[in-house]
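To find a chain, count down the sequence lines: A is the first, B the second, and so on, and within it residues start at 1.
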Amino acid sequence: MAQKPSIPKGTRDFNPEQVAKRNYIFNTIRGAFETFGFQPIETPSFENSDTLMGKYGDEGDRLIFKILNSGDYLNKANTDAYEEKDSNKLTPSISEKALRYDLTVPFARYVVQHQNDIEFPFKRYQIQPVWRADRPQKGRFREFYQCDADVVGSKSLWQEVEFIQLYDTVFSKLQLEGVTIKINNRKILSGIAEVIGASNKLIDFTVALDKLDKIGEDKVKEEMLSKGIAQEGIDKLQPLFSLSGSFDSQIESLKTILSTSNEGLKGIEELAFIDNAITALGLKTATLQLDVTLARGLNYYTGAIFEVAAPKGVKMGSIGGGGRYDDLTGIFGLKDVSGVGISFGLDRIYLVLEELNLFPEAVNKNIEVLFINFGDNEALFSLKAINKLRANGINAELYPDAAKMKKQMMHANKRNIPFVVLVGEEEINSNTYTLKNMVTGTQDKIELEQLIETVKK
RNA sequence: GUGGUUGUAGCUCAGUUGGUUAGAGCGCCUGAUUGUGGUUCAGGAGGUCGUCGGUUCGAGACCGAUCUUCCACCCCA
């Protein structure tokens with residue numbers, strides 16, 4: 001009757017080694033967040049559907065996991081929608097809750113709900129799992145962790161500057177050198193759309209533009225044309241496709257292209273400010289790159305847009321993203337609270353570190369000393385010593401059963417425990433301990449203090 | 001949501017045009033060795049071939065459905 005157990009597609013179990021590695025990343029990110037002055041909050045795994053639906057676009061709505069109502073949900077279902085087999089119409093009547101899709105929208109909800117208790121500007125960080133009903137593929141899961149840091153209540157561009165430094169700090173600490181922090185600005189994208197007369201098709205326009213390095217110039221033009229953007233408008237984009245070179249020179253070219261758009265010029269000004277600051281401050285290992293084709297999260301970003309690409313040669317989608325949203329809390333009724341934030345994709349960073357072999361050896365907090373169990377008298381004597389080792393910060397344990405010695409040694413070996421201590425009748429009588437080094441295979445009969453010293457090294 | 005791909009022992013994989021009791025390496029268990037693991041030697045256990053159904057005298061192999069894996073698209077961390 002035993003059924004073969006399994007877990008849902010796109011989810012994973014983590015063994016002790018994997019958890020240790022994940023914690024290493026979590027701790028690095030958390031440490032950086034805290035030194036930058038962010039404070040932690042947590043929100044529920046699931047929210048009311050109204051809070052999430054409609055915030056991520058149609059595509060986003062499709063990817064939100066809906067939770068079926070409890071009880072006799074069909075009884076209260078929208079019968080018309082049921083008859084018509086209209087899932088979108090039926091869903092709200094049978095599902096009132098949904099799993100968190102990201103950490104930004106729940107944060108906006110949090111800010112609005114607790115606005116009277118929050119001292120602005122409010123810098124919060126949040127490290128929790130999110131869920132998406134996506135088809136899994138490389139670096140894409142249905143359950144994964146996001147590590148977000150956001151500031152609300154300040155329009156200062158110094159925040160953008162700090163976030164770029166935060167990215168640089170975290171990836172440098174993780175020894176992940178050579179990441180590219182791409183930056184763009186929604187205002188520039190709006191400006192370009194305005195210049196080519198496609199203001200009302202901003203999303204279609206940017207989605208197509210975003211694919212430039214993937215499908216090439218011709219295909220991008222094709223897609224724009226098919227979305228109803230006029231040929232003469234597309235012709236005006238020509239200088240954009242050949243845009244290259246340093247941050248500065250791209251800025252200069254953009255000034256020409258966007259000379260007739262006030263909004264576009266504003267975007268350029270913002271980017272120039274950020275770039276000047278970063279140039280003056282310097283980055284440790286990351287590179288800041290202006291990428292006008294970068295178009296993410298347009299359903300709520302209004303200013304800067306960030307995306308972090310793994311070092312060259314690593315095939316992986318973005319390992320971080322973020323941006324400024326001037327009115328995210330507006331949809332929940334709180335106006336004029338500007339926010340800006342970034343996110344780290346833990347699971348993808350993990351894959352990248354694994355691929356590049358960048359996890360430190362020491363992440364695995366293993367037991368260091370195993371005491372062989374020879375019987376109750378010896379066990380009691382051993383535990384007294386173990387208590388002293390533990391008090392000295394040494395991870396030590398006693399094998400629980402007085403099993404065959406071979407079995408106990410084998411256990412130590414399989415767990416990669418570096419030291420084994422043998423305490424039998426002989427040792428008890430002379431108040432000594434036989435310490436065996438499992439790597440070299442050598443062993444010595446020594447006193448407890450000496451044992452502690454040896455293991456500590 | 002669209003297209004493709006994968007599934008055989010705990011793990012990595014073989015398995016000829018459908019033909020008897022489905023194999024290997026590694027791992028696991030027992031012993032050589034009752035206070036010594038990692039090496040060696042001897043022996044041993046372990047599979048309803050993802051699941052359900054169909055074709056056939058006969059299916060691990062062929063067909064269908066379904067689940068799962070990985071990949072691309074859409075979108076995204």
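No donor-acceptor pair closer than 3.5 Å links the side chain of A:Thr43 to the backbone N or O of A:Pro106. Checked by atom type and distance alone, the side chain of A:Ser338 never pairs as donor or acceptor with a backbone atom of A:Asp326 at under 3.5 Å.
Residue contacts shown for A:Glu59 include a base, since a base heavy atom lies under 4.0 Å away. Using a 4.0 Å heavy-atom distance criterion, A:Glu427 is classed as a base contact. At a threshold of 4.0 angstrom between heavy atoms, the contacts of A:Val308 with the nucleic acid are absent.
Comparing B:C52 with B:A59, their P atoms sit 15 Å apart, to the nearest whole Å. A distance of about 35 Å separates the P atoms of B:G1 and B:G18, rounded to the whole Å.
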Kindly give the atom pairs (protein nitrogen or oxygen, nucleotide nitrogen or oxygen) under 3.5 Å for nucleotides 40-44 of chain B.
none

Enumerate the protein-to-nucleotides 30-34 of chain B contacts in which both atoms are nitrogen or oxygen and the separation is below 3.5 Å.
{"residue": "B:G31", "atom": "OP1", "partner": "A:Lys404", "partner atom": "NZ", "Å": "3.0"}

Could you go over nucleotides 1-5 of chain B and give all protein N or O partners under 3.5 Å, atom names and distances?
{"residue": "B:G1", "atom": "N7", "partner": "A:Arg62", "partner atom": "NH2", "Å": "3.3"}
{"residue": "B:U2", "atom": "O4", "partner": "A:Arg135", "partner atom": "NE", "Å": "3.4"}
{"residue": "B:U2", "atom": "O4", "partner": "A:Arg135", "partner atom": "NH1", "Å": "2.7"}
{"residue": "B:G3", "atom": "O6", "partner": "A:Arg135", "partner atom": "NH1", "Å": "3.1"}

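With a cut-off of 3.5 Å on both pairing distances, B:G58 has no Watson-Crick or G-U wobble partner at all. Base pairing of B:G10 is made with B:C26, judged by Watson-Crick or G-U wobble geometry with both donor-acceptor distances under 3.5 Å.
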Report all side-chain donor-acceptor pairs from residues 373-381 of chain A shorter than 3.5 Å, counting only partners two or more places apart or in another chain.
{"residue": "A:Asn373", "atom": "OD1", "partner": "A:Gly375", "partner atom": "N", "Å": "2.9"}
{"residue": "A:Asn373", "atom": "ND2", "partner": "A:Tyr399", "partner atom": "O", "Å": "2.9"}
{"residue": "A:Asn373", "atom": "ND2", "partner": "A:Pro400", "partner atom": "O", "Å": "3.2"}

Show every donor-acceptor pair shorter than 3.5 Å between a side-chain atom in residues 410-425 of chain A and any protein atom, with sequence neighbours excluded, or say none if there are none.
{"residue": "A:His411", "atom": "NE2", "partner": "A:Arg415", "partner atom": "NH1", "Å": "3.2"}
{"residue": "A:Arg415", "atom": "NH1", "partner": "A:Glu397", "partner atom": "OE2", "Å": "2.7"}

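Applying the salt bridge (charged side-chain N to carboxylate O under 4.0 Å, His left out) definition to pairs two or more places apart or across chains, those involving residues 5-26 of chain A are A:Arg12-A:Asp347, A:Glu17-A:Lys21, A:Lys21-A:Glu354, A:Arg22-A:Asp347.
Enclosure of atom CZ in A:Phe36 by more than 12 non-hydrogen atoms of other residues, nucleotides or ligands within 6.0 angstrom is indicated.
Dashed line: the shortest gap from a side-chain N or O of A:Lys138 to OP1 or OP2 of B:A72 is not under 4.0 Å.
Sequence order on RNA chain B of the closest nucleotides to A:Phe141 and A:Glu425 puts A:Glu425 first from the 5' end.
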